[in-house]
Amino acid sequence: MATIVPTLFSLVRDSRRGVFDAATFEREVARDFDNQEITQAINRYEQEGKSMRNKEEIRKVIQYIDLTTLNGDDTASKVVALAKRAINPIPTDPSIHCGSVCVYPQRIADVKKFLNATKQNCHITGVAGGFPSGQYHLQSKVLECELSVADGATEIDIVISRASALEEDWKTVHDEVQACKNACGSAHLKTILATGELKTLSNVYKASWASILAGSDFIKTSTGKESVNATLEVAYVMCSAVKRWYELTGKKVGFKPAGGIKTVDEALSYVALVKDILGEQWLNPTLFRIGASSLLDDCLKAL
Ligand SMILES: O=C[C@H](O)COP(=O)(O)O
């Protein structure tokens, strides 16, 4: 008997009508991944990443970084110091800046106040929507997005409900992301899948689709707080979803690996992966970011 290969056409048609049908989703998004193929591709990306190591590529990596601090002891002075670094990460080259500075909701206003006072620009990413566990009422997730945008965040990073994902309740995953997207207004929404807690690559693929269909501008691997954060394996699966969505709709969704990426070589492996799966056109800060708290230090050392 011939195998029926899901085309995803009806899923895209439904999303245009603003409908999410769980049965269609299950039928169309179910997909197995060939582990051997992924392992071979990863080995290639690691080699290519090493061979790309030069000053020009490192300067590009710096511009992809969402320079992050997400700690309980973050203060106004700490996030302002980080914003200064994000605006001018290479002291001798004022033309280079990081993708954004990424902080907790209560610290957004501190960064905004500094930017206003000094008449400088920098994207502010606020983590919101019950970051990092996602174990909060939807009303509070939505309110947190609204308050973060009101405080000055231009980008919002939310996290999906892993509880709903693990219960295969993809409609709830989708509807929560959609509610947060609506709450973000013109701010860009990056949706974190927290892949280290999703158990299977099939779940990572489904979570990618639920987030994309809900209107996410980016999909992001991890909060940095899971025990397993960004990996090239989940990046492969997530970028496959982004690529298929682009083939079907012509719309580009961004990709952000985050959590545990500390070295230039690791960062360049993700660059090689994105270049291979999505193409050069994704390699700019409007479509590719790396969420990292310490990667910039290694980049500066290598320059
Ligand atoms: O979104 C960014 C991550 O939380 C950063 O994680 P990291 O501290 O492991 O670099």
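Note: hydrogens, waters and symmetry copies are ignored here, and every other heavy atom, side chains too, is used.
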**Student:** Using the rule that Ile, Leu, Val, Met, Phe, Trp and Tyr join whenever any side-chain heavy atoms are under 4.5 Å apart, tell me whether Val228 and Leu70 fall into a single cluster.
**Tutor:** no
**Student:** Look at the side chain of Asn229 and the backbone N and O of Gly224, then say whether any donor-acceptor pair between them is shorter than 3.5 Å.
**Tutor:** yes
**Student:** Under a 3.5 Å distance rule, please check whether Arg162 uses its side chain to pair with a backbone N or O of Ser133 as donor and acceptor.
**Tutor:** yes
**Student:** Between the main-chain N or O of Asn116 and the side-chain N or O of Gln120, is there a donor-acceptor pair closer than 3.5 Å?
**Tutor:** no
**Student:** Just do the side chain to side chain contact (heavy atoms under 4.5 Å, CB included) check on His97 and Arg85 with the steps written out, would you?
**Tutor:** CA-CA 8 Å; His97 54 84; Arg85 251 195 127 193; over 6 Å; no
**Student:** According to a 4.5 Å side-chain heavy-atom criterion applied to Ile, Leu, Val, Met, Phe, Trp and Tyr, with indirect links allowed, do Val149 and Leu147 form part of one hydrophobic cluster?
**Tutor:** no
**Student:** Where do His174 and Ala210 come nearest, in terms of heavy atoms and distance?
**Tutor:** CD2-O, 3.6 Å
**Student:** Answer yes or no: is there a side-chain heavy-atom contact under 4.5 Å between Ile158 and Ile192?
**Tutor:** no
**Student:** Hey, could you give me the CE/NZ distance between Met52 and Lys275, rounded to the nearest 0.5 Å?
**Tutor:** 5.5 Å
**Student:** Can you check whether Gly126's main-chain N or O pairs, donor with acceptor, with Glu155's side chain at less than 3.5 Å?
**Tutor:** no
**Student:** Please round to the nearest 0.5 Å and tell me the distance separating atom OG of Ser216 and atom CD of Gln178.
**Tutor:** 10.0 Å
**Student:** For Ala128 and Ile156, work out which heavy atoms get closest and say how close.
**Tutor:** CB-CG2, 3.9 Å
**Student:** Which residues pass the side chain to side chain contact (heavy atoms under 4.5 Å, CB included) test with Lys171, not counting sequence neighbours?
**Tutor:** Phe20, Asp169, Asp175
**Student:** So do the side chains of Arg44 and Asp276 get within less than 4.5 Å of each other, counting heavy atoms only?
**Tutor:** yes
**Student:** Given the rule that I, L, V, M, F, W and Y join up when any side-chain heavy atoms are under 4.5 Å apart, are Val29 and Ile38 in one cluster?
**Tutor:** yes
**Student:** A side-chain contact here means heavy atoms from C-beta on lying under 4.5 Å apart; do Leu193 and Ser211 qualify?
**Tutor:** yes
**Student:** Ring-plane angle category for Trp170 and Phe25, please: parallel below 30°, perpendicular beyond 60°, tilted otherwise.
**Tutor:** tilted
**Student:** Is the closest side-chain heavy-atom distance between Tyr246 and Trp282 below 4.5 Å?
**Tutor:** yes
**Student:** Can you measure from CD (Glu197) to OG1 (Thr223) and round to the nearest 0.5 angstrom?
**Tutor:** 7.5 Å
**Student:** Do you reckon Val111 sits in the same ILVMFWY cluster as Phe131, going by side-chain contacts under 4.5 Å, direct or chained?
**Tutor:** no
**Student:** Rounded to the nearest 0.5 Å, what separation is found between the NZ atom of Lys141 and the CD1 atom of Ile160?
**Tutor:** 9.0 Å
**Student:** Taking the side chain from Asn54 and the backbone from Glu56, do they hold a donor-acceptor pair closer than 3.5 Å?
**Tutor:** yes
**Student:** Compare every heavy atom of Val204 with every heavy atom of Ser208, then report the nearest pair and how far apart it is.
**Tutor:** OG-O, 2.7 Å
**Student:** Val264 and side chain to side chain contact (heavy atoms under 4.5 Å, CB included): which single residue from Val61, Leu300, Ile58 fits?
**Tutor:** Ile58
**Student:** Charged N to carboxylate O below 4.0 Å: is that the case for Asp110 and Lys113?
**Tutor:** no
**Student:** Could you pull out the closest heavy-atom pair between Cys180 and Val142, with the gap in Å?
**Tutor:** N-CG2, 4.5 Å
**Student:** To the nearest 0.5 Å, what is the distance between SG on Cys98 and CD1 on Ile87?
**Tutor:** 10.0 Å
**Student:** Is there side-chain contact between Thr125 and Thr68, with heavy atoms separated by less than 4.5 Å?
**Tutor:** no
**Student:** Give a yes or no on whether the ring-centroid distance for Phe255 and Phe218 is below 6.0 angstrom.
**Tutor:** no
**Student:** Judged by atom type as modelled, is there a donor-acceptor pair below 3.5 Å linking the side chain of Ser140 to the main-chain atoms of Tyr136?
**Tutor:** no
**Student:** Under the salt bridge (charged side-chain N to carboxylate O under 4.0 Å, His left out) test against Asp217, which residue among Lys190, Lys181, Lys251 passes?
**Tutor:** Lys181
**Student:** Would Arg289 count as a cation-pi partner of Tyr64, with NZ or CZ less than 6.0 Å from the six-membered ring centre and within 45° of the ring normal?
**Tutor:** no
**Student:** Is it the case that the side chain of Glu144 and the backbone of Gly129 share a donor-acceptor pair, with hydrogens and angles ignored and the cut-off at 3.5 Å?
**Tutor:** yes
**Student:** Are the side chains of Asp93 and Arg59 in contact, using a 4.5 Å heavy-atom criterion?
**Tutor:** yes
**Student:** Given the rule that I, L, V, M, F, W and Y join up when any side-chain heavy atoms are under 4.5 Å apart, are Leu166 and Leu201 in one cluster?
**Tutor:** no
**Student:** I want to check something: taking the side chain as every heavy atom from C-beta on, are Gln63 and Ile96 in contact at a cut-off of under 4.5 Å?
**Tutor:** yes
**Student:** Can you give me the closest heavy-atom contact between Val79 and Thr69, atom names plus distance?
**Tutor:** CG1-CG2, 3.9 Å
**Student:** So, the side chain of Glu37 versus the backbone of Asp34: is there a donor-acceptor pair under 3.5 Å, distance only?
**Tutor:** no
**Student:** Is the shortest distance from a Lys or Arg side-chain nitrogen in Asp151 or Lys112 to a carboxylate oxygen in the other one below 4.0 Å?
**Tutor:** no
**Student:** Just wondering, do Lys262 and Asp298 contact through their side chains at under 4.5 Å, heavy atoms?
**Tutor:** no
**Student:** Check for a donor-acceptor pair, side chain of Tyr45 on one end and backbone N or O of Tyr236 on the other, with a separation under 3.5 Å.
**Tutor:** no
**Student:** Under 3.5 Å, is there a donor-acceptor pair between the side chain of Thr221 and the main chain of Ala258?
**Tutor:** yes
